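To keep things clear, I will list the structure first and then write my remarks on it.
Computed over heavy atoms, backbone and side chain alike; hydrogens, waters and symmetry mates excluded. By convention in this document, chain letters (A, B, ...) are assigned in the order of the sequence lines, proteins followed by strands, and residues within each chain are numbered from 1. Computed from a predicted model, the values in this text were never measured in an experiment.
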Number of protein chains: 2
Amino acid sequence: MPKNCNFIEKLREVGLRPTKQRVNMCEVLFNREKTFHFTINDLVKMISEKMNEKISLATVYNTVHALEKKGYLKEISIDSHKSYFDTNTLAHHHFFDEDTHELIDLNESDIDKINIRKNITGKKINSVEVLVRVASDNQNQK
Amino acid sequence: MPKNCNFIEKLREVGLRPTKQRVNMCEVLFNREKTFHFTINDLVKMISEKMNEKISLATVYNTVHALEKKGYLKEISIDSHKSYFDTNTLAHHHFFDEDTHELIDLNESDIDKINIRKNITGKKINSVEVLVRVASDNQNQK
DNA sequence: TCAATAGTTTAGAATTATTATAATGTAGTT
DNA sequence: AACTACATTATAATAATTCTAAACTATTGA
Ligand SMILES: [Mn+2]
Ligand SMILES: [Mn+2]
Ligand SMILES: [Zn+2]
Ligand SMILES: [Zn+2]
């Protein structure tokens with residue numbers, strides 16, 4: 001989804017009814033310069049603030065999954081205890097800051113192309129993703 | 001922990017009391033030819049079968065985390081909905097079979113060394129791990 | 001040897017993330 | 001406007017994990 005588009009149209013195109021909640025969610029998610037990473041709770045807060053009224057948690061879950069199914073969002077597995085989503089749905093790699101729990105995209109130029117030499121019979125590779133865990137570099141530690 | 005060792009000694013060495021539950025858990029985990037991947041529920045079943053009596057879930061969680069803290073187990077993040085652990089605590093990469101939800105180690109020879117060219121000021125890299133998602137290759141799909 | 005102590009196990013309750021339910025509401029169509 | 005299909009909501013249910021506090025046990029050292 002390009003930025004600044006009419007989300008009413010966009011939602012219709014993918015067969016999702018453009019309800020008030022969905023249009024607001026799309027604006028929060030896609031009407032911005034850069035892609036970003038979020039948790040469901042982040043998103044609930046952002047949408048509620050934008051709408052100036054509460055949105056139900058269930059709606060946010062439902063709509064996130066609807067957008068994910070349509071290919072507009074991607075789930076990122078980093079932490080077994082919480083789901084992170086990404087508005088950047090292209091294949092890409094991440095830094096995960098273990099101090100702040102923030103995700104940062106790696107640029108293509110930051111890493112060489114990865115070549116997997118093994119293949120498992122009857123199985124095809126769906127994705128190859130790298131997770132680089134970083135944490136504050138306190139040189140004052142034993 | 002090498003295989004076939006005396007886990008009573010091993011546990012003492014790392015400062016964990018060698019209780020019946022822990023010794024049995026260690027035998028299930030480490031007294032085998034190859035390292036393996038498991039979920040907490042897998043492990044509860046395996047230990048209960050070995051001991052021929054039930055072991056409390058809380059004990060398994062506690063002990064897994066104790067062993068993890070001592071560096072004998074590693075948690076693997078693949079799926080935000082369940083924790084996987086690995087008795088192979090060395091840095092290594094994985095295949096994840098999306099059909100069976102099985103984890104398989106990649107050998108060193110299966111992939112080139114990964115070089116991260118970006119660095120984040122004040123942060124050091126803790127790990128660089130690759131996850132290769134695979135699924136059955138049905139060429140008979142539209 | 002055995003009591004004191006510190007650490008461990010346990011059942012069950014609590015917490016958290018997520019999903020299901022079912023009643024109510026709304027968008028799209030005629 | 002009326003009909004219908006789909007969406008939203010509050011709330012309940014579920015599942016993974018952690019907490020609690022009482023009972024238990026390994027270790028120590030008198
Ligand atoms: Mn999910
Ligand atoms: Mn964990
Ligand atoms: Zn990303
Ligand atoms: Zn592994």
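The distance from atom NZ of K69(A) to atom P of dA7(D) is 11 Å, rounded to the nearest whole Å. To the nearest angstrom, P of dT27(D) lies 10 Å from CD of E9(B). Rounded to a whole Å, the CD atom of E53(B) is 12 Å from the P atom of dT9(C). In this structure, N41(B) atom CG and dT18(D) atom C1' are separated by 15 Å, rounded to whole Å. Going from atom NE2 of H101(B) over to atom P of dA16(D) covers 13 Å, rounded to whole Å. Atom P of nucleotide dA17(C) and atom OH of Y84(A) are separated by 11 Å, given to the nearest angstrom. Put simply, NZ on K45(A) is 10 Å from P on dA17(C), counting in whole angstrom units. Between the CG atom of N24(B) and the P atom of dT10(C) there is a distance of 11 Å, given to the nearest Å.
Contact check for E68(A) versus E75(A): side-chain heavy atoms found under the 4.5 Å cut-off. Looking only at side-chain heavy atoms (C-beta outward), E98(A) and N126(B) come within less than 4.5 Å of each other.
Just one of D105(A), D42(A), T87(A) meets the side chain to side chain donor-acceptor pair (under 3.5 Å) condition when paired with H37(A); it is D105(A).
Phosphate proximity of dA26(D) to R22(B): absent, as no side-chain N or O sits under 4.0 Å from OP1 or OP2. An OP1 or OP2 oxygen of dA26(D) is reached within less than 4.0 angstrom by no side-chain nitrogen or oxygen of R12(B).
Between T59(A) and M25(A), the shortest heavy-atom distance links the atoms O-CE, 4.5 Å.
Only L57(B), A58(B), Y61(B), listed by number, bring a heavy atom of residues 55-64 of chain B to less than 4.0 angstrom from any atom of DNA chain D.
Side chain of Q21(A), nearest nucleotide from dG28(C), dT8(D), dT10(C): dT8(D). Checking dT8(D), dT17(D), dA11(C) against the side-chain heavy atoms of K54(B) singles out dA11(C) as nearest. Listed nucleotides: dT8(C), dT19(C), dT18(C). Nearest to the side chain of H65(A): dT19(C).
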Problem set entry | Test log, rule side-chain contact (heavy atoms from CB on, under 4.5 Å), inputs F7(A) and N31(A) | CA-CA 9 Å; F7(A) 292 110; N31(A) 207 11; 4.0 Å; yes
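Applying the 3.5 Å distance criterion, the base of dA6(C) shares a donor-acceptor pair with the side chain of R17(B).
Comparing K20(B) and T19(A) along DNA chain C, the residue whose closest nucleotide (by nearest heavy atom) sits nearer the 5' end is K20(B).
Taking the six-membered ring where the residue is Trp, the centroids of H101(A) and F96(A) are separated by under 6.0 Å.
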Side-chain donor-acceptor pairs under 3.5 Å in residues 48-55 of chain B, sequence neighbours left out?
unit_1: S48(B); atom_1: OG; unit_2: V44(B); atom_2: O; d: 2.8
unit_1: K50(B); atom_1: NZ; unit_2: E27(B); atom_2: OE1; d: 3.1
unit_1: E53(B); atom_1: OE1; unit_2: K20(B); atom_2: NZ; d: 3.4

